[in-house]
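In what follows, chains are A, B, ... by sequence order, proteins preceding strands, each numbered from 1. These numbers were taken from a predicted model, which means no experiment stands behind them.
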There are 2 protein chains.
Amino acid sequence: MSKKHTDPTPSQAGSADGPPALPVPRGRTTLGMVAQRAGVSPSTVSRILNGTANVSPVKRALVERTIQELDFRPDPMARSLAGGRTMSVGVLTQFIDSPFYGEALRGIEDQLHPANYSPLFVSGHWNEAEETSRVALLQERKVDGLIVLTGRLSDAALLELAKALPVVVTGRRLSADNLYSLDYDNEEGMRLAVRHLHALGHRQIAFISGPLDHPDAQARMDGFRGEIQTTEPGYDPDLVVIGDFQESGGFRAMGLLLQSGRLFSAVIAANDQMAYGARLALHRAGLRVPEDVSLVGFDDLLYSAYTLPPLTSVRQSVYEVGQTAARAMLDLLARRTPPSKVIPAELVVRESTRMVRR
Amino acid sequence: MSKKHTDPTPSQAGSADGPPALPVPRGRTTLGMVAQRAGVSPSTVSRILNGTANVSPVKRALVERTIQELDFRPDPMARSLAGGRTMSVGVLTQFIDSPFYGEALRGIEDQLHPANYSPLFVSGHWNEAEETSRVALLQERKVDGLIVLTGRLSDAALLELAKALPVVVTGRRLSADNLYSLDYDNEEGMRLAVRHLHALGHRQIAFISGPLDHPDAQARMDGFRGEIQTTEPGYDPDLVVIGDFQESGGFRAMGLLLQSGRLFSAVIAANDQMAYGARLALHRAGLRVPEDVSLVGFDDLLYSAYTLPPLTSVRQSVYEVGQTAARAMLDLLARRTPPSKVIPAELVVRESTRMVRR
DNA sequence: TTGTACGCGTTATCAA
DNA sequence: TTGATAACGCGTACAA
């Protein structure tokens with residue numbers, strides 16, 4: 001009789017006290033209460049919850065009904081303490097408000113939520129030390145898995161992590177047990193851009209690169225260089241300038257290009273943001289896009305369809321990358337082998353490119 | 001002698017095995033181990049950690065040193081289970097990749113982290129039911145506090161929540177114990193925009209509103225209407241059209257405006273994204289900005305400085321909103337009263353507006 | 001000021 | 001198949 005929680009007034013929701021009232025943080029139904037009410041032991045309830053062992057169909061049904069009635073949901077914290085899952089997966093991104101990776105976050109969220117997992121977002125700011133400490137934080141929080149969006153962690157560090165928990169990493173080609181890597185095809189995307197311009201008759205193609213210590217930037221640069229080398233005048237280092245993946249960097253880079261006096265009829269920016277900056281610089285210099293120079297971006301941000309002129313850009317659905325990463329994580333978590341999948345790059349031709357002027 | 005964890009090999013970090021190796025998830029140092037090593041009771045360690053009671057300076061120093069040596073960090077889960085804090089605060093936003101609220105998330109993150117709190121981001125998608133369920137999820141996860149970025153929860157729901165945990169809301173004017181609300185001044189911002197245009201001689205000013213069931217949209221609409229009513233021709237309902245806060249909606253809205261045959265020399269869009277769409281529609285119609293029509297946006301997104309022409313827009317530092325909200329939360333958590341602060345709106349004049357043509 | 005003992009809600013081990 | 005029982009790591013009455 002001295003039990004603490006007795007008669008836990010089930011389902012008292014939906015009374016007539018106003019609109020969608022928040023489910024009253026009821027005196028917290030516990031697993032023990034369910035067990036008691038169903039007349040079974042706590043272990044049995046736990047087993048049913050986790051599918052840890054076989055339970056007789058009758059008891060299972062009974063317990064499941066009771067769970068419904070009491071609207072019982074296991075406490076993630078208690079679960080974690082006891083060595084179970086936290087139903088959360090850590091997501092290491094670089095800036096929480098990145099227009100590029102942002103879509104990936106949404107993809108992850110959209111996939112994880114229906115599976116009852118919660119993403120835990122942390123930002124590494126493109127700084128290895130910071131990434132390392134954020135990942136440590138995630139481990140403290142006992143995430144069940146870790147999704148790493150590119151970033152600067154070493155392959156070795158990732159491999160090491162994969163020994164402790166399932167890891168999904170994008171922007172890399174790595175192979176290991178408990179580790180799934182998902183590389184989008186930066187090189188191919190860049191090749192597409194070069195070929196497009198080439199087909200339009202452009203021969204002097206300038207390139208605004210991202211910072212080369214940035215994995216995406218390096219890959220895109222490789223793609224550009226590789227493809228351009230197979231064409232007419234070949235690769236010309238004077239036609240490439242390094243930016244910082246920001247609008248301002250693109251602006252400055254274009255300024256440099258213009259100053260250099262080198263001629264070019266087209267420009268590829270390693271990302272859309274730099275393309276925006278470059279476009280403004282061209283405008284300031286009295287040059288029109290695409291009449292005077294063609295411009296190609298990379299990423300196909302949402303805005304790019306609405307810039308003036310609408311920007312031709314290389315698209316690799318980052319949203320899809322996020323979704324795929326999350327699904328792979330779910331697979332890993334369920335001890336299934338995720339299907340390998342490549343996110344294709346695709347060129348979206350709009351109005352910033354046209355046939356070279358003769 | 002049958003203790004489980006003995007001699008927990010302290011600080012084995014920084015050996016010569018490669019670059020910034022991840023701090024080996026050591027066999028987890030526990031509070032008990034600290035206590036044992038320092039020769040005090042676990043409770044004493046706990047008290048020092050939480051400042052729960054007075055401890056003699058000598059023991060305190062000793063324990064603190066031991067904590068350093070062992071690199072001990074309390075387990076958030078265990079802490080939560082035992083009724084302590086989780087050192088996490090829930091953040092309800094609407095879309096994790098919103099270009100507008102994204103900056104706020106960064107502001108929150110930047111403030112919370114140094115204080116050792118982790119944000120837990122969830123998205124409500126402008127859907128009251130979803131917001132409610134996400135908040136419930138946050139409560140399950142036992143967040144210490146809750147930051148709500150605008151959204152559709154009722155004031156009543158918020159007030160109810162504030163009884164259970166500290167709450168900070170933006171985009172609202174609410175007052176209650178344990179609740180801090182932070183309203184940015186949409187109305188004033190809109191007034192600024194109208195006055196600017198008016199000063200340039202514009203009299204026929206069209207307005208592209210956001211969806212009116214959206215709090216920000218309503219406030220901005222109110223601001224526009226209020227100010228325009230005090231001027232020359234007054235408020236003309238035919239000159240306002242409802243958009244959806246997206247580029248595409250701005251595009252369509254401008255199309256409608258153009259079709260209507262009504263004359264106007266300037267347009268205000270309730271947010272930058274719609275301004276982008278409107279600008280493209282104007283372009284398609286052969287109208288130039290600002291030569292033929294002046295255009296003003298709202299939010300001053302990062303891109304707006306790089307659009308063609310650079311967009312005149314109303315700025316209210318969302319980053320600052322995030323920071324302020326987070327600081328207020330920290331205050332609430334520490335049982336201090338947050339200073340009331342208003343985030344001022346400011347007009348950033350660029351090149352999309354000019355004197356009306358006569 | 002300090003220590004002991006218990007409880008938080010769950011999972012895991014071991015018997016039965 | 002099921003049920004006790006012991007952790008998990010920490011906070012906190014309560015006692016000393």
Side-chain angles (χ1 to χ4, degrees), chain A residues 2-5 8 25-63 66-67 70-88 139-142 144, chain B residues 2-5 8 25-63 66-67 70-88 139-142 144:
Chain A
S2 66
K3 289 297 182 193
K4 301 273 191 34
H5 318 281
R26 60 188 81 270
R28 196 77 184 133
T29 307
T30 73
L31 181 148
M33 295 161 67
V34 174
Q36 186 182 329
R37 197 161 200 268
V40 301
S41 81
S43 339
T44 302
V45 178
S46 175
R47 291 198 254 267
I48 293 178
L49 247 34
N50 303 292
T52 311
N54 279 340
V55 178
S56 75
V58 265
K59 294 207 173 186
R60 147 166 277 115
L62 173 60
V63 168
T66 312
I67 290 182
L70 264 42
D71 183 33
F72 163 70
R73 267 116 33 129
D75 181 332
M77 306 304 164
R79 231 174 199 186
S80 151
L81 228 211
R85 330 232 115 275
T86 54
M87 300 307 280
S88 69
Q139 297 206 98
E140 268 179 42
R141 299 264 187 209
K142 303 256 184 15
D144 296 339
Chain B
S2 67
K3 290 295 184 194
K4 298 273 190 35
H5 317 281
R26 59 186 85 268
R28 195 80 183 128
T29 307
T30 74
L31 181 147
M33 295 161 67
V34 174
Q36 185 181 328
R37 196 162 201 268
V40 302
S41 80
S43 6
T44 302
V45 179
S46 175
R47 292 197 252 270
I48 293 178
L49 246 34
N50 302 293
T52 311
N54 280 340
V55 177
S56 75
V58 266
K59 294 209 172 186
R60 145 166 279 115
L62 174 59
V63 169
T66 312
I67 289 182
L70 265 44
D71 183 33
F72 164 71
R73 270 116 32 130
D75 180 332
M77 308 302 163
R79 222 168 207 192
S80 151
L81 229 209
R85 327 234 117 274
T86 54
M87 300 307 279
S88 68
Q139 296 204 99
E140 269 179 41
R141 299 263 188 215
K142 303 259 185 12
D144 296 339

Give the rounded distance in Å between these two atoms: CZ of B/Arg60 and C1' of C/dT2.
14 Å
Send over the distance from A/Glu140 CD to D/dC8 P, rounded to a whole Å.
18 Å
Contact nearer the 5' end of DNA chain C, comparing B/Pro57 with B/Lys142
B/Pro57
Nucleotide D/dC10, atom P - distance to CE of B/Met87 in whole Å:
14 Å
Nearest heavy atoms of B/Lys142 and B/Ser88, plus distance in Å:
O-OG, 4.4 Å
Using atom CD1 of B/Ile48 as one end and atom P of D/dG11 as the other, report the distance to the nearest whole Å.
12 Å
If you apply the rule side chain to side chain contact (heavy atoms under 4.5 Å, CB included), what do you find for B/Asp75 with B/Thr30, and how did you get there?
CA-CA 8 Å; B/Asp75 180 332; B/Thr30 74; over 6 Å; no
Under the criterion side chain to side chain contact (heavy atoms under 4.5 Å, CB included), I'd like the reasoning laid out for A/Arg141 against B/Met87: C-alpha separation, chi angles, the key distance, then a yes or no.
CA-CA 10 Å; A/Arg141 299 264 187 209; B/Met87 300 307 279; 4.0 Å; yes
Taking CE from A/Met33 and P from C/dG9, how many angstroms apart are they, rounded to a whole number?
9 Å
Tell me yes or no: between the side chains of B/Thr44 and B/Ser41, is some donor less than 3.5 Å from an acceptor?
yes
Which atom names give the shortest non-hydrogen contact between A/Ala78 and B/Leu81, and what distance separates them?
CA-CG, 3.9 Å
Counting primed atoms plus P, OP1 and OP2 as sugar-phosphate and everything else as base, spell out the protein contacts along nucleotides 10-16 of chain C at 4.0 Å heavy-atom distance: B, S or - for each nucleotide, 5' to 3'.
BSB----
Strictly below 4.0 Å: does B/Thr44 bring a side-chain N or O up to OP1 or OP2 of C/dT1?
no
Rounded to whole Å, how long is the line connecting atom CG of A/Asn54 with atom P of D/dG3?
15 Å
Side chain to side chain contact (heavy atoms under 4.5 Å, CB included) between A/Asp71 and A/Arg73, intermediate numbers included:
CA-CA 7 Å; A/Asp71 183 33; A/Arg73 267 116 33 129; 3.9 Å; yes
